[in-house]
Number of protein chains: 2
Amino acid sequence: MKNIARIFKALSDETRLRILALLSSGELCVCDLMAALELPQSTVSRHLAYLRNAGLVDDERRGVWMFYRLKQESALGNELLLLLIAKLNESNQTHRDRKALNALPDAQGRSCS
Amino acid sequence: MKNIARIFKALSDETRLRILALLSSGELCVCDLMAALELPQSTVSRHLAYLRNAGLVDDERRGVWMFYRLKQESALGNELLLLLIAKLNESNQTHRDRKALNALPDAQGRSCS
DNA sequence: CGAAGATATCTGCTCATGCGGATAGATGTC
DNA sequence: GACATCTATCCGCATGAGCAGATATCTTCG
């Protein structure tokens, strides 16, 4: 139960929910998240660390870039997580963030691609 | 989304999760919760207020007693909440708490019944 | 009305967590 | 090795939240 509380604590911040919503459709690098969420790098990194420590995301370094993705398994269970993601994807904030993400420059204009 | 974060914040404390687990099988008064959880009255009351403000529980005064129950509807959605409750009911802590609750004196020995 | 019982809220304290800029660390290229 | 880029972590600050005892508030009864 302590672990469940810990995961909910990870989920109790709007920025982190925004990150999870964006990650729900595929892995992203810190620079993409920064751009889409319009947040400073340290803020994004800190929240990603929190999510990773809670066991909700995995990271992978590719050169100078760090990519993050949702974990398939967490202590919350798949079904619960899927419902949560669905809930997040209903929100206007997620629509706005996703629009910003899709408006990012293509491969050539991006640092990580 | 702010509201979702708020609900998760309400869920991010172990004591509150314990309360929700106990309430999942029926309404309880503050004095029962105090006894089952072995926590002081002010702690229980404060957590219940937090849960009520997050829209997860309803209260009802009956004489000098306050009864609390899970809300049927919350901003999280029924299904998600049911899965969460199921998750909570798997935990050893919930088993211990429920055992303590069942060990409480019967009607005559209880103040609220 | 006063007293008793139940409980919400206040209080003071400590710890956790949010923020963003600064800095340390990692990677890649020349 | 020097330098550029990316990112994790530190730092200082402000705010939120946990705790339990004290106190205020509410209800009921004699």
Side-chain angles (χ1 to χ4, degrees), chain A residues 1-2 5-20 23 27-54 56-69 104-105 107-113, chain B residues 1-2 4-19 23 27-54 56-69 104-105 107-113:
Chain A
M1 187 176 267
K2 279 182 166 52
R6 188 151 139 268
I7 294 182
F8 282 130
K9 187 154 294 194
L11 298 173
S12 65
D13 177 73
E14 193 188 357
T15 301
R16 289 199 286 273
L17 290 179
R18 290 171 72 190
I19 289 171
L20 284 176
L23 290 181
E27 67 170 14
L28 291 167
C29 65
V30 178
C31 54
D32 279 345
L33 288 167
M34 281 166 63
L37 300 173
E38 294 184 313
L39 290 173
Q41 178 268 317
S42 66
T43 301
V44 174
S45 271
R46 195 167 34 77
H47 285 302
L48 286 167
Y50 207 106
L51 290 171
R52 187 183 58 236
N53 291 338
L56 292 170
V57 302
D58 271 329
D59 57 4
E60 181 181 346
R61 184 174 276 280
R62 294 198 202 129
V64 296
W65 297 284
M66 290 293 283
F67 282 79
Y68 287 78
R69 65 179 171 278
L104 294 185
Q108 305 246 3
R110 251 144 109 175
S111 67
C112 63
S113 315
Chain B
M1 188 177 265
K2 277 180 167 58
I4 298 185
R6 191 153 137 268
I7 293 182
F8 281 128
K9 188 154 293 195
L11 297 173
S12 64
D13 177 73
E14 195 187 356
T15 300
R16 290 199 286 274
L17 289 179
R18 290 170 73 191
I19 289 171
L23 289 180
E27 67 170 14
L28 291 167
C29 66
V30 177
C31 55
D32 278 345
L33 287 167
M34 281 166 62
L37 301 173
E38 294 183 317
L39 290 172
Q41 179 267 318
S42 67
T43 301
V44 175
S45 271
R46 193 167 38 76
H47 285 302
L48 286 168
Y50 207 105
L51 290 170
R52 188 184 57 235
N53 290 339
L56 291 170
V57 302
D58 271 330
D59 56 5
E60 181 182 343
R61 185 176 276 279
R62 297 199 198 128
V64 298
W65 296 285
M66 289 293 286
F67 282 80
Y68 287 78
R69 67 180 170 277
L104 294 184
Q108 306 244 6
R110 256 147 103 178
S111 68
C112 61
S113 316

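Numbers restart at 1 for each chain; the letters A, B, ... are given by sequence-line order, proteins then strands.
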Is the phosphate of C/dA8 approached by B/Tyr68 (side-chain N or O, under 4.0 Å from OP1 or OP2)?
yes

For a 4.5 angstrom cut-off between non-hydrogen side-chain atoms, does A/Phe67 reach A/Leu28?
no

Ignoring hydrogens and angles, are the base of C/dA8 and the side chain of B/Gln41 linked by a donor-acceptor pair under 3.5 Å?
yes

Could you check how far CG of A/Asp13 sits from P of D/dT15, rounded to whole Å?
17 Å

Side chain of A/Val30: nearest nucleotide among D/dA8, C/dT9, C/dG5?
D/dA8

What's the separation between atom CZ in A/Arg46 and atom CG in A/Leu51, rounded to the nearest 0.5 Å?
11.0 Å

What integer distance in Å separates B/Tyr50:OH from D/dC19:P?
12 Å

Does A/Ser45 make a side-chain N or O approach to OP1 or OP2 of D/dT7 shorter than 4.0 Å?
no

Which pairs would a plain distance check flag for residues 10-19 of chain A, meaning a side-chain donor or acceptor within less than 3.5 Å of a matching protein atom at least two apart in sequence or in another chain?
| from | atom 1 | to | atom 2 | distance (Å) |
| --- | --- | --- | --- | --- |
| A/Ser12 | OG | A/Lys9 | O | 2.7 |
| A/Asp13 | OD2 | A/Thr15 | N | 3.1 |
| A/Asp13 | OD2 | A/Arg16 | N | 3.2 |
| A/Glu14 | OE1 | B/Lys2 | NZ | 3.2 |
| A/Arg16 | NE | A/Ala10 | O | 2.7 |
| A/Arg16 | NH1 | A/His47 | ND1 | 3.0 |
| A/Arg16 | NH2 | A/Lys9 | O | 3.3 |
| A/Arg18 | NE | A/Asp97 | OD1 | 3.4 |
| A/Arg18 | NE | A/Asp97 | OD2 | 2.7 |
| A/Arg18 | NH2 | A/Asp97 | OD1 | 2.8 |

Between A/His47 and C/dT17, is there a side-chain N or O to OP1/OP2 distance below 4.0 Å?
no

I want to check something: taking the side chain as every heavy atom from C-beta on, are B/Leu48 and B/Leu33 in contact at a cut-off of under 4.5 Å?
yes

What's the CG-C1' distance between B/Leu28 and C/dT7, to the nearest Å?
16 Å

To the nearest angstrom, the CG-C1' distance between A/Asn53 and D/dA8 comes to 12 Å

Roughly how many Å is it from CG in A/Leu48 to C1' in C/dG20, rounded to a whole number?
16 Å

Nearest-angstrom distance from the residue atom CD of A/Glu14 to C1' of C/dT17
16 Å

Rounded to whole Å, CH2 of B/Trp65 lies from C1' of D/dC29 at a distance of 12 Å

Given that B/Arg16 and A/Asp59 both sit by DNA chain D, which one's nearest nucleotide is further toward the 5' end?
A/Asp59

Report the residue (B/Met34 or A/Pro40) whose heavy-atom-nearest nucleotide on DNA chain C is the more 5′ of the two.
B/Met34

Side chain proximity check, B/Val57 to B/Leu23, heavy atoms < 4.5 angstrom
yes

Remember a base hit wins even if backbone is also touched, and classify A/Cys31 as base, sugar-phosphate or nothing at under 4.0 Å, heavy atoms.
sugar-phosphate

Within the 4.0 Å heavy-atom criterion, would you say A/Arg52 contacts the bases, only the backbone, or no part of the nucleic acid?
sugar-phosphate

Is the distance from OP1 or OP2 of C/dG28 to the nearest side-chain N or O of A/Arg61 less than 4.0 Å?
no

Closest to the B/Val64 side chain: C/dT27, C/dC19, D/dT27?
D/dT27

Would you kindly give the CG-to-C1' distance between B/Leu39 and C/dA6, to the nearest whole Å?
17 Å

Is there side-chain contact between B/Tyr68 and B/Cys29, with heavy atoms separated by less than 4.5 Å?
no

Taking for each residue the nucleotide of DNA chain C with the nearest heavy atom, is it A/Ser12 or A/Ser42 whose nucleotide lies nearer the 5' end?
A/Ser12

Is B/Arg46 close enough to C/dA8 that one of its side-chain N or O atoms is under 4.0 Å from OP1 or OP2 there?
no

